[in-house]
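No experiment lies behind these values; they were computed from the predicted model shown.
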Amino acid sequence: MGSGGEREGGGGHVGVRRAGRTPKVGRPALVDRAAIVRAAVAVGFGRIGMTSVADRLGIKHSTLYRYFPTRDALITAAVDAAVTGAEWPRPAGGWRELLRAQAWAAFRLLESHPGLAAHIVSLRVDSDAYGDIAHRVVTALLDRGFTAEDAILAHDLVHEQVLMFFLAGGRDEGAPTTPERARLLRRDMLPEALPRVDPRLRQALTDVVTGDPRDWFARKLDVLLAGLAPLSGPAE
């Protein structure tokens with residue numbers, strides 16, 4: 001006869017009980033919304049998509065749909081994150097100083113995130129962060145003597161100039177465009193284009209195409225701001 005309790009794993013089978021395991025309560029989440037957005041920004045706006053972001057996280061792309069119903073929603077969240085993480089000037093000084101500082105802040109943002117410009121102009125869902133920045137600038141222009149309509153016009157003209165500087169040359173195999181990449185593309189086309197150009201323009205065109213794109217952007221911005229002066233009202 002055996003003693004009182006039966007041994008675990010012994011020969012008997014009636015009443016024998018193995019130590020139970022703690023029941024599983026579900027695997028912890030591998031990702032959350034913030035992690036997905038960070039991965040999207042890291043992938044880059046030229047490659048962003050459900051599959052590329054999921055691959056970076058090491059998960060199935062179907063998992064992303066628990067957090068973002070569409071690719072556009074994911075891109076919008078990534079745009080918001082990039083915009084929020086950028087340095088934007090405080091609305092200080094005169095209207096020229098304000099718009100110039102805003103333009104260069106947007107320039108640096110788009111320069112640090114190749115491909116972002118194309119998403120900003122094509123988003124089917126508005127970026128709240130980008131809209132907040134624009135609203136701050138427009139209301140600051142109101143405070144500086146612009147009418148409501150002229151404040152919106154001035155902001156849009158400057159904003160569109162920055163975007164176009166990053167969209168130029170973007171047809172090359174769908175690659176994200178930067179001002180430097182666009183300059184290199186135009187430089188490669190220069191030998192073929194120059195013979196068709198008036199000789200009086202050839203040196204100037206060569207200087208523009210081969211020069212620092214930031215210098216050319218600065219000149220465009222100066223001309224644009226000078227043209228906005230009539231909108232500024234008496235309080236320039």
Side-chain angles (χ1 to χ4, degrees), residues 41 45 75-170 176-183 186 201 204-205 207-236:
V41 174
F45 289 95
I75 292 173
T76 300
V79 171
D80 281 344
V83 171
T84 302
E87 292 187 10
W88 297 97
R90 291 183 176 276
W95 67 267
R96 290 174 190 265
E97 180 183 352
L98 168 69
L99 286 175
R100 182 176 282 109
Q102 182 71 17
W104 281 110
F107 190 103
R108 289 189 294 271
L109 169 68
L110 299 181
E111 190 174 44
S112 62
H113 295 286
L116 175 56
H119 287 298
I120 288 175
V121 299
S122 65
L123 276 180
R124 290 188 284 271
V125 181
D126 288 337
S127 165
D128 290 339
Y130 214 79
D132 289 344
I133 296 295
H135 182 263
R136 186 172 67 182
V137 175
V138 171
T139 54
L141 291 175
L142 285 176
D143 296 337
R144 288 158 176 76
F146 284 72
T147 67
E149 184 173 319
D150 287 346
I152 296 171
L153 175 61
H155 171 268
D156 279 2
L157 286 170
V158 172
H159 175 236
E160 288 165 4
Q161 179 60 53
V162 179
L163 285 173
M164 284 305 300
F165 212 76
F166 283 82
L167 294 173
T177 306
T178 64
E180 179 61 21
R181 179 176 177 81
R183 183 184 71 84
R186 288 192 292 266
L201 299 174
L205 180 60
D207 292 343
V208 169
V209 169
T210 59
D212 187 337
R214 283 173 166 260
D215 292 341
W216 191 238
F217 175 77
R219 291 192 63 183
K220 286 186 173 185
L221 185 57
D222 286 342
V223 172
L224 178 55
L225 293 177
L228 291 175
L231 305 182
S232 63
E236 179 169 352

Shortest non-hydrogen contact from L98 toward P91: CD1-CA, 3.7 Å
Donor-acceptor contact below 3.5 Å, side chain H119 vs main chain F45: yes
Nearest heavy atoms of L109 and A82, plus distance in Å: CD1-O, 3.5 Å
Pairing residues for D156 by the side chain to side chain contact (heavy atoms under 4.5 Å, CB included) criterion, not counting sequence neighbours: I152, E160
Side chain to side chain contact (heavy atoms under 4.5 Å, CB included) evaluation trace for V158 with Q102: CA-CA 9 Å; V158 172; Q102 182 71 17; 5.8 Å; no
Sidechain-backbone polar pair: W88 side chain, V83 backbone, donor-acceptor under 3.5 Å: yes
Nearest heavy-atom neighbours spanning S122 and A118: OG-O, 2.8 Å
Donor-acceptor contact present, side-chain S232 to main-chain A229, <3.5 Å: yes
CG-CZ distance between L224 and R96, expressed to the nearest 0.5 angstrom: 10.5 Å
CD1 on I120 to CG on L110, rounded to 0.5 Å: 5.0 Å
Spacing of Y130 atom OH and T76 atom OG1 [to the nearest 0.5 Å]: 13.5 Å
Expected output: side-chain R144 to main-chain G93 donor-acceptor under 3.5 Å: yes
Reported CZ-to-CG distance for the pair R100 and D222, which is rounded to 0.5 angstrom: 5.0 Å
Side-chain heavy-atom pair W95, L228 within 4.5 angstrom cut-off: yes
Polar side-chain atom of D128 near backbone of D80 as donor-acceptor pair, under 3.5 Å: no
Approximate separation, where rounding is to 0.5 Å, of L99 CG and L221 CG: 8.0 Å
Any residue meeting side chain to side chain contact (heavy atoms under 4.5 Å, CB included) with L205, in chain and number order, not counting sequence neighbours: L190, L194, V197, V209
Ring geometry between H155 and H159 (parallel below 30°, tilted from 30 to 60°, perpendicular above 60°): parallel
Audit row: R214, E111, side chain to side chain contact (heavy atoms under 4.5 Å, CB included) steps and yes/no: CA-CA 11 Å; R214 283 173 166 260; E111 190 174 44; 2.5 Å; yes
V162 and F217: CA distance, side-chain angles, deciding distance, side chain to side chain contact (heavy atoms under 4.5 Å, CB included) verdict: CA-CA 8 Å; V162 179; F217 175 77; 3.7 Å; yes
Aromatic ring pairing F107/F165, orientation class (parallel under 30°, perpendicular over 60°, tilted between): tilted
A151 versus L141, closest heavy-atom pair with distance: O-CD1, 3.5 Å
Minimum heavy-atom distance V41-A81, with the two atoms named: CG2-CB, 4.2 Å
